[in-house]
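Written out below as structure tokens is the structure these notes cover.
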Amino acid sequence: MGLYKQYFQIGQYARNHLLGKKKKGKSGPPLLISKNGKFTNSRLAVLLIGVFTLAMGIILSSIPWVDYLILKNLRLWNGSLSFQYWQKPGVLRLTKVYIFNVTNPDSFLNLGEKPRLQEIGPFVYREDMEKVNIKFHDNGTVTYQHKKILQFVPELSVNKDQKITVPNIPLLTLSTQSNSMSYLVQRTISFLLNLKDYKPFVTVTADELVFGYDDTLVSLAHSFYPKRKRPMSRMGLLINRNGTLNEVHNIYTGMTGMQDFGLLEKLNGADRLPYWKESPCNMIRASEGSFFPPRYYTKADVVHVYDKDLCRVMPLQYREPVVKHGISADLYTPAASMFETVDQEPDNKCYCPGNDFCPPKGLQSISPCQFDAPVYLSYPHFMEADPALIEHFEGLQPVKEKHSSYLKIQPRLGVPIEAKVRLQLNLKVDQARHVTPVAKFPSIIYPIMWIEEGIDDLPPPIRRWIYLATTFADVACPLMTYGFIFLGGCILVGVFINGYKSLVFTKETIEISMKSLRRRSSGYIAVARPKLIKRDTYTLLDLDGVEEIDI
């Protein structure tokens, strides 16, 4: 290239300087730098677009911008997307009640037959819930109360006015507690109960059993019991579920980190449950059910949920990944240790009331939450419980698919997309031989009813938001970021290839230009030769034969 460059310089010099021409512009052989001889604005614009696209792709692929957008809307603050869902979920939350009707109460008491239980239900109630009295705090927590309204759904239920025979819970509770009293007191109780003609079984409707019926013993207890043990004024298993609940929750909003997102910080101003004296039974580090710390960040395989009806924190163990409506989720079921015996799980010792009776496998006392009534939780139909519990009854058939509890939680958001909690309420009866109305009622753990609570699906707006934030984002965002990198790289490569083609001369073009240059140079030199020889010339004269002139 250096030799060619010298040829060009000679030709340029010969034309401009030897012929006296002034340089007016670029001329010479047809050697193109660009089509119009200059770097165009359009080419510059394309180059800038390519650089910008490539830079955006590199930046977006190197920073967690999707996580930032998700967390911004996931954290609880007045105005975030999650706040709207949390404050008034709008989900169809159903409570299904199944009651055990005993068909042979007299034969059970007088002939020693096993109780024949007939499951009647479901009695379905829609739960409308919202958070009220909301107050945010500077430490990254929010305080609120639940407001719940249960409404009967007849189209999903059996007749709620049909009569059902169940144990007389107030009477059997009193008789069981009387065993710790003196003989004189027991006889006095027996005398008073006989005057009122109390029976160990009562016949009520499902609605009365769930939401309350008048009972003299309950009314007396409500009037005279200490405040902590004072029951409601009427007998009803779910009577305290309607209206604004007394419990004041204080949970973490996620502003201080996702490790605590949705977990209780305090309950009624206390940092532990009041129902149990010892740890870990009184720990409250658990979700109240709306949000869980996302497993995407915590990497934890166990989550905890608190519900007042459980009277404890329920541990849930991760089992496997699942997909619903195209949304990925983690399946959780109750940990095997939840209703395990004290021998196998020593941590359950603190759930034994007074530490004097620890139940067999499959049971757990919730008496502190039930005004000290001897009520025990289990899975429906004594599923996964000690087989001896089922042997006392006819009609109990545990089925895992129907009676097990589970939660499906989206791991990136910590939001439940499906949940079912199924638990059975049982009454522990101790035979009171000195209380005549119930003297024939044997010592037994008697199932009263079981409840299923949960959601089958989320409302479409919430489901779409979760889908966009997880499934769609997981696919679209890498495609977009790496697409930017690929597109920007292609644009830059195209620009440089185009520029390179404009600057590189082919051999044929150079040879043609060199021949033209030589011809022009020869012409310039021929024309310029007279001008180059400008010196004076002298001719020597021959003086021989020339006469000499005298002056």
Side-chain angles (χ1 to χ4, degrees), residues 99-117 161-240 353-354 357 365-376 392 425-449:
I99 301 174
F100 293 110
N101 174 55
V102 59
T103 61
N104 63 335
D106 293 334
S107 299
F108 165 61
L109 293 175
N110 300 317
L111 301 178
E113 292 183 358
K114 292 181 180 181
R116 289 195 293 269
L117 303 181
D161 294 323
Q162 62 180 301
K163 296 296 183 176
I164 300 173
T165 301
V166 294
N168 189 334
I169 298 175
L171 174 62
L172 293 172
T173 297
L174 176 61
S175 65
T176 297
Q177 293 175 342
S178 70
N179 286 325
S180 61
M181 303 175 186
S182 66
Y183 173 78
L184 180 60
V185 172
Q186 293 183 55
R187 297 306 300 173
T188 302
I189 292 175
S190 177
F191 174 75
L192 295 175
L193 293 177
N194 280 325
L195 289 178
K196 291 290 185 178
D197 195 26
Y198 277 95
K199 303 296 182 183
F201 285 95
V202 294
T203 300
V204 294
T205 66
D207 200 55
E208 289 174 332
L209 180 63
V210 172
F211 288 109
Y213 62 92
D214 292 328
D215 184 274
T216 304
L217 293 178
V218 174
S219 298
L220 289 173
H222 178 75
S223 300
F224 297 105
Y225 268 39
K227 183 177 182 180
R228 189 184 69 83
K229 297 182 179 182
R230 185 180 302 162
M232 306 297 288
S233 59
R234 307 176 75 213
M235 172 59 204
L237 295 176
L238 302 181
I239 195 171
N240 58 349
F357 171 75
S365 170
I366 57 169
S367 60
C369 299
Q370 300 295 327
F371 317 107
D372 282 348
V375 179
Y376 284 75
H392 294 296
L425 295 178
N426 310 281
L427 183 67
K428 180 180 179 294
V429 180
D430 292 334
Q431 188 174 20
R433 300 184 183 276
H434 304 300
V435 181
T436 305
V438 294
K440 296 180 180 180
F441 207 108
S443 297
I444 195 172
I445 295 179
Y446 198 102
I448 306 296
M449 69 178 187

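If you read the sequence from its start, that first residue is 1, and numbering goes on from there. Values below: every heavy atom of this structure, side chains too, minus hydrogens, waters and symmetry copies.
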Between L174 and I189, is there a side-chain heavy-atom distance shorter than 4.5 Å? yes
Should L193 and T436 count as side-chain neighbours, where that means a heavy-atom distance under 4.5 Å? no
Any non-hydrogen side-chain atom of Y446 less than 4.5 Å from a side-chain atom of V102? yes
Please examine the side chains of I169 and L237, heavy atoms only from C-beta on, and report whether any two atoms are closer than 4.5 Å. yes
Shortest non-hydrogen contact from T176 toward P374: CG2-CG, 4.4 Å
For the residue pair A432 and S178, what are the closest heavy atoms and their distance? CB-OG, 4.2 Å
Does some side-chain heavy atom of L425 sit less than 4.5 Å from a side-chain heavy atom of I366? yes
Rounded to the nearest 0.5 Å, what separates atom CD1 in I444 from atom CG in D430? 11.5 Å
If every non-hydrogen atom of A206 is compared with every non-hydrogen atom of I164, which pair is closest and at what distance? CB-CD1, 4.0 Å
Measuring only between side-chain heavy atoms, which start at C-beta, is H434 closer than 4.5 Å to R187? yes
Looking only at the aromatic ring of each residue, does the gap between the centers of F201 and F441 stay below 6.0 angstrom? yes
Answer yes or no: is there a side-chain heavy-atom contact under 4.5 Å between N179 and Q186? yes
The test is side chain to side chain donor-acceptor pair (under 3.5 Å); show your working for N168 and K199 and say whether it passes. CA-CA 7 Å; N168 189 334; K199 303 296 182 183; over 6 Å; no
Decide yes or no for Y213 and D207: does some side-chain heavy atom of the first lie under 4.5 Å from some side-chain heavy atom of the second? no
Residues L172 and P167: closest non-hydrogen pair is CD1-CB, 3.6 Å
Heavy-atom pair with the smallest gap, counting every atom of N101 and T165: OD1-N, 2.7 Å
